[in-house]
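This report concerns only the one structure given below.
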Amino acid sequence: MKTFRVVLTKSYLVDIQANNQDDARFLSEFFTGDIKDISKKEDRERYNFKILNIGGVVNEAFECEEIQV
């Protein structure tokens, strides 16, 4: 079997309730992973936020090359 290295970009739309725009940006970056909310109840209580929805928008491979391992 051959081995390939793929440059992959993923983009999401995140609906989040937060205290302000800066918190919304930071918390959505920090507490999301592969189209799911990875925050815990303690995180939501401590930072006062709630992720309502995450939707995949772009999932595109830009480059692919065979590599030797």
Side-chain angles (χ1 to χ4, degrees):
M1 189 178 325
K2 297 179 180 180
T3 301
F4 298 90
R5 179 168 291 146
V6 178
V7 177
L8 181 66
T9 298
K10 294 183 180 220
S11 298
Y12 311 104
L13 291 177
V14 178
D15 298 330
I16 182 172
Q17 293 176 333
N19 291 323
N20 57 56
Q21 205 170 42
D22 289 336
D23 285 355
R25 292 174 66 120
F26 171 76
L27 295 166
S28 63
E29 289 173 347
F30 192 80
F31 288 109
T32 55
D34 200 23
I35 312 182
K36 66 180 178 178
D37 180 357
I38 61 171
S39 67
K40 298 177 183 167
K41 182 178 185 234
E42 295 81 18
D43 298 324
R44 295 187 292 277
E45 289 173 355
R46 179 177 179 189
Y47 296 106
N48 191 30
F49 76 99
K50 181 179 181 183
I51 294 174
L52 303 175
N53 185 44
I54 302 173
V57 177
V58 175
N59 189 11
E60 185 172 351
F62 287 95
E63 191 176 316
C64 181
E65 65 181 76
E66 186 174 349
I67 61 172
Q68 301 299 318
V69 290

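Note that the coordinates shown come from a computational prediction; the quantities given were computed from them, not determined experimentally. Positions are given from 1 along the sequence.
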If you look at every heavy atom in L8 and E60, which pair is closest and at what distance? CD1-O, 3.5 Å
Rounded distance [0.5 Å steps], CZ in R46 versus NZ in K41: 15.5 Å
Please report the closest heavy-atom contact between D37 and I54, naming both atoms and the distance. N-CD1, 3.7 Å
Does atom CD of E66 have more than 12 heavy-atom neighbours from other groups under 6.0 Å away? yes
Check whether L13 and V58 end up in the same hydrophobic cluster, where Ile, Leu, Val, Met, Phe, Trp and Tyr are linked by side-chain heavy atoms less than 4.5 Å apart. yes
Co-membership, hydrophobic cluster, residues F30 and I16, 4.5 Å side-chain: yes
Value rounded to 0.5 Å, distance of CD in Q17 from NZ in K50: 6.5 Å
Give me the atom names and distance for the closest heavy-atom approach of N20 to D22. OD1-N, 3.1 Å
Would F26 and Y47 count as a close aromatic pair, with their ring centres under 6.0 Å? no
With rounding to the nearest 0.5 Å, note down the distance linking CD1 in I38 to OG1 in T32. 6.5 Å
I67 side, atom CD1; K2 side, atom NZ - distance, nearest 0.5 Å: 13.0 Å
Smallest heavy-atom separation, F62 atom then T9 atom, equals CE1-OG1, 3.2 Å
Out of curiosity, D43 CG to N48 CG, how far, rounded to the nearest 0.5 Å? 12.5 Å
